[in-house]
Amino acid sequence: QVQLVESGGGLVQAGGSLRLSCAASGSILSINVMGWYRQAPGKQRELVALITRGGRTNYADSVKGRFTISRDNAKNTVYLEMSSLKPEDTALYYCNADVTSFKLSIPVDYWGQGTQVTVSS
């Protein structure tokens with residue numbers, strides 16, 4: 001069994017910064033892509049940023065230049081540094097990981113439970 005646990009969300013004023021963390025644990029053989037998604041009330045879940053095991057990154061246009069995704073492969077952890085936050089960044093942020101476990105030989109998508117980020121104007 002694999003679990004993803006997010007932390008670091010909270011309430012921040014516009015222009016402020018937050019750092020999200022997501023640690024994967026369990027019977028993990030390897031993790032390829034890790035990423036962050038978000039879902040605001042009444043909206044669909046959307047991609048925020050992705051990072052491959054080798055460090056290649058991809059960002060949504062709306063966060064480019066403000067958010068930075070990184071990972072520590074030894075700790076199976078992905079981070080999201082968010083700066084210059086805007087009220088429209090308010091959402092539930094979910095961690096996602098493409099995990100190959102010792103039990104299964106194919107990668108499986110796992111999701112965290114979500115962490116709330118609220119940006120006040």
Give the cluster check for [X] versus [Y]: same hydrophobic cluster or not, with ILVMFWY residues linked at side-chain heavy-atom distances below 4.5 Å.
X	Y	result
Tyr59	Val48	yes
Val108	Val2	yes
Leu11	Leu85	no

Could you go step by step and tell me if Arg66 and Met82 meet the side chain to side chain contact (heavy atoms under 4.5 Å, CB included) rule? CA-CA 6 Å; Arg66 300 188 298 121; Met82 304 184 292; over 6 Å; no

Hey, does [Y] have a side-chain heavy atom less than 4.5 Å from the side chain of [X]?
X	Y	result
Ile106	Thr100	no
Tyr79	Thr68	no
Ile69	Leu80	yes

For the student: nearest non-hydrogen atoms of [X] and [Y], plus distance:
X	Y	result
Ala97	Ile31	CB-CG2, 4.1 Å
Val78	Cys95	CG1-SG, 3.8 Å
Asp89	Val119	CB-CG2, 4.3 Å
Ala40	Thr90	CB-O, 3.7 Å

Can you tell me how far CG of Leu20 sits from CH2 of Trp36, rounded to the nearest 0.5 angstrom? 4.5 Å

Between OG of Ser121 and CD of Gln13, what distance do you get to the nearest 0.5 Å?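 Ser121 atom OG to Gln13 atom CD measures 9.5 Å (nearest 0.5 Å).
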
Go through the structure and list residues passing side-chain contact (heavy atoms from CB on, under 4.5 Å) with Lys103, not counting sequence neighbours.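 Per chain and number, Lys103 pairs via side-chain contact (heavy atoms from CB on, under 4.5 Å) with Ser101.
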
Between Asn58 and Arg56, a side-chain donor and acceptor under 3.5 Å: no

Hydrophobic clusters join Ile, Leu, Val, Met, Phe, Trp and Tyr when side-chain heavy atoms are under 4.5 Å apart, directly or via other members; which others share one with Val33?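 So far as hydrophobic clustering goes, Val33 is joined with Tyr37, Leu47, Leu50, Leu92, Tyr94, Trp111.
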
Main chain of [Y], side chain of [X]: is a donor-acceptor contact present, judged purely on distance under 3.5 Å?
X	Y	result
Asn73	Arg53	yes
Gln39	Ala91	no
Thr57	Ile51	no

Hey, could you give me each pair passing side-chain hydrogen bond (donor to acceptor under 3.5 Å, both in side chains) that has a residue in residues 16-35? Not counting sequence neighbours. Arg19-Glu81

Under the salt bridge (Lys or Arg N to Asp or Glu O under 4.0 Å) test against Arg38, which residue among Glu88, Glu6, Glu46 passes? Glu46

Under a 4.0 Å N-O cut-off, is there an ion pair linking Lys64 with Asp61?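 Yes.
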
Can you tell me if Gln3 has over 12 outside heavy atoms packed within less than 6.0 Å of its CD?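 Counting neighbours around CD of Gln3, 12 or fewer heavy atoms of other residues, nucleotides or ligands fall under 6.0 Å, so no.
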
